[in-house]
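Below you will find the structure I want to go over with you.
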Number of protein chains: 2
Amino acid sequence: MIYNMPKKKQIVSDLSTEEKIKEAARKVFTEKGYAAARTRDIAEEAGINLALLNYYFRSKEKLFDEIMLEKMQQLFGVMFPIVSDETLPLENKIDLIVQNYIDMLIKNPNLPLFVLNEIRNPSKTFDKNFPISKMLKNTSLVNQIKEARPDLNPVHFLLNILGMTIFPFIAKPIFGHVGLITEKEFTSLLNERKKLIPVWIKAILKSK
Amino acid sequence: MIYNMPKKKQIVSDLSTEEKIKEAARKVFTEKGYAAARTRDIAEEAGINLALLNYYFRSKEKLFDEIMLEKMQQLFGVMFPIVSDETLPLENKIDLIVQNYIDMLIKNPNLPLFVLNEIRNPSKTFDKNFPISKMLKNTSLVNQIKEARPDLNPVHFLLNILGMTIFPFIAKPIFGHVGLITEKEFTSLLNERKKLIPVWIKAILKSK
DNA sequence: ATAATTATTAATCATTTGATTAAAATACTT
DNA sequence: AAGTATTTTAATCAAATGATTAATAATTAT
């Protein structure tokens with residue numbers, strides 16, 4: 001045993017203490033969720049004294065709120081600029097949404113499960129005027145979908161795009177645990193889907 | 001104030017004590033997840049003394065394991081008989097899977113988020129020969145999809161069916177919180193999807 | 001009816017966990 | 001260099017929480 005070895009999972013880096021804690025909190029919170037995450041886990045992961053967590057962030061909940069806001073922006077931020085672009089044709093919007101989401105989610109695979117899971121806790125305040133609500137009002141995308149399919153609620157198509165794109169990441173634990181598919185095969189499938197989902201969505205939009 | 005009133009949220013019934021505890025555990029675990037659920041919550045919900053929980057189930061984890069197994073069977077049990085039916089044509093399989101899932105999930109809206117969320121905890125043993133693995137080996141459904149689209153990995157289509165069907169329930173908290181859609185509108189959308197998703201899946205299977 | 005078994009309760013334990021405190025170390029200012 | 005402010009640490013607290021125990025009540029068997 002060698003002394004002064006970095007502890008098992010520490011994030012050893014030259015980041016500021018505050019940023020080390022946030023980085024560790026991102027990891028622990030998204031992996032375990034708020035309730036299962038212990039402040040001691042975060043402190044150890046960050047390689048800092050537990051008291052520093054409270055020194056910089058006051059409480060576990062305050063720290064969580066910062067990370068949660070960040071993660072929600074990360075998750076919803078992908079759609080927002082594309083959805084509201086008035087010049088981009090519908091087909092390009094679909095291409096971009098799917099590709100950008102899959103690229104981002106490959107780098108942050110447990111982001112959707114984390115956010116969607118924590119959101120249902122009613123204690124956490126949830127800003128009413130968050131992207132989603134705007135996304136479904138009178139954005140360019142929704143209007144374009146309405147034009148293409150006036151007979152159906154446009155929410156159907158949003159659910160289809162997001163469902164096909166995001167669901168694989170939510171269902172991943174099953175495939176992983178079962179050992180049915182390797183990490184490599186999974187990524188390969190996802191890359192195929194970047195091209196396929198837009199084709200399918202367009203087929204759906206035309207289907208009568 | 002009247003005495004002997006049932007406490008706020010108790011499940012007061014003529015069930016056996018053991019079944020009362022299980023019923024309460026189903027509710028509390030699926031609502032809050034394992035980590036956030038306290039044994040005291042479950043005891044109160046069941047209207048029993050805390051010690052009885054341990055008397056009947058030894059520990060929180062043992063109780064959880066029973067509920068979890070049950071919930072996984074509930075979630076995956078919908079697909080299994082349909083998927084392996086050798087006589088049923090592909091189109092009917094799709095119809096049945098989508099309809100049965102939506103009907104079941106309307107009654108158990110937070111089932112998918114609960115199961116998918118708890119599954120990722122590696123400590124929980126996860127049976128390797130669970131439905132899912134069989135579902136993707138050489139079942140009738142997979143063979144039929146291969147026949148319809150030999151050019152693509154059949155997993156794509158499973159992800160599409162399940163994504164379009166299950167994702168709305170996972171994403172529901174967002175819509176709910178934002179107040180974008182009422183409970184009634186949501187159910188109405190879901191009922192529309194029972195007919196629409198099969199149409200869309202068939203369009204996808206034909207799309208080139 | 002009495003004994004034995006099973007079910008239920010109140011009280012208590014032992015750990016875990018979020019948070020605080022007071023002292024020590026480090027950095028910054030003048 | 002001395003003093004001040006900031007950062008970090010070890011020790012500790014208080015509350016929460018899963019679990020147990022010993023006594024009591026209810027049920028079942030003899």
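From a predicted model like this one, the values you see are computed outputs, not experimental measurements. Atom set for the values below is all heavy atoms of this structure, side chains included, hydrogens, waters and symmetry mates excluded. Protein chains get the first letters and strands the later ones, always in sequence-line order, with residue 1 at the start of each.
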Subject >> Nucleotide C/dG18, atom P - distance to NZ of A/K62 in whole Å >> reply: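 For the pair A/K62 NZ and C/dG18 P, the rounded distance is 15 Å.
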**OP:** Name all residues meeting the salt bridge (Lys or Arg N to Asp or Glu O under 4.0 Å) criterion together with B/E192; count only those two or more places apart in sequence or in a different chain, and write none if there are none.
**Re:**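 Checked B/E192 against salt bridge (Lys or Arg N to Asp or Glu O under 4.0 Å); zero matches.
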Subject >> Any residue meeting ring pair (Phe, Tyr, Trp, His ring centres under 6.0 Å) with A/F157, in chain and number order, not counting sequence neighbours >> reply: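 Once residues adjacent in sequence are excluded, the partners of A/F157 under the ring pair (Phe, Tyr, Trp, His ring centres under 6.0 Å) criterion are B/W200.
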Original post:
Residues in side-chain hydrogen bond (donor to acceptor under 3.5 Å, both in side chains) with B/R26, at least two apart?
Top reply: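 B/R26 satisfies side-chain hydrogen bond (donor to acceptor under 3.5 Å, both in side chains) with B/E19, B/E23, B/E70 only.
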Subject >> Residues in salt bridge (Lys or Arg N to Asp or Glu O under 4.0 Å) contact with B/K62, at least two apart in sequence or another chain >> reply: none
Subject >> Set of side-chain hydrogen bond (donor to acceptor under 3.5 Å, both in side chains) partners for B/Q144, sequence neighbours left out >> reply: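 B/Q144 satisfies side-chain hydrogen bond (donor to acceptor under 3.5 Å, both in side chains) with B/K93 once adjacent residues are dropped.
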Subject >> Between D/dT8 (C1') and A/F57 (CZ): distance, integer Å >> reply: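 Rounding to the nearest Å, CZ of A/F57 and C1' of D/dT8 are 15 Å apart.
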Original post:
What does A/Y56 touch in the nucleic acid at a heavy-atom separation under 4.0 angstrom: a base, only the sugar-phosphate, or nothing?
Top reply: sugar-phosphate
**OP:** If a protein heavy atom is under 4.0 Å from the base, mark B; if only from the sugar-phosphate, S; if neither, -; do that for nucleotides 13-26 of chain D going 5' to 3'.
**Re:** ----BBBBB-----
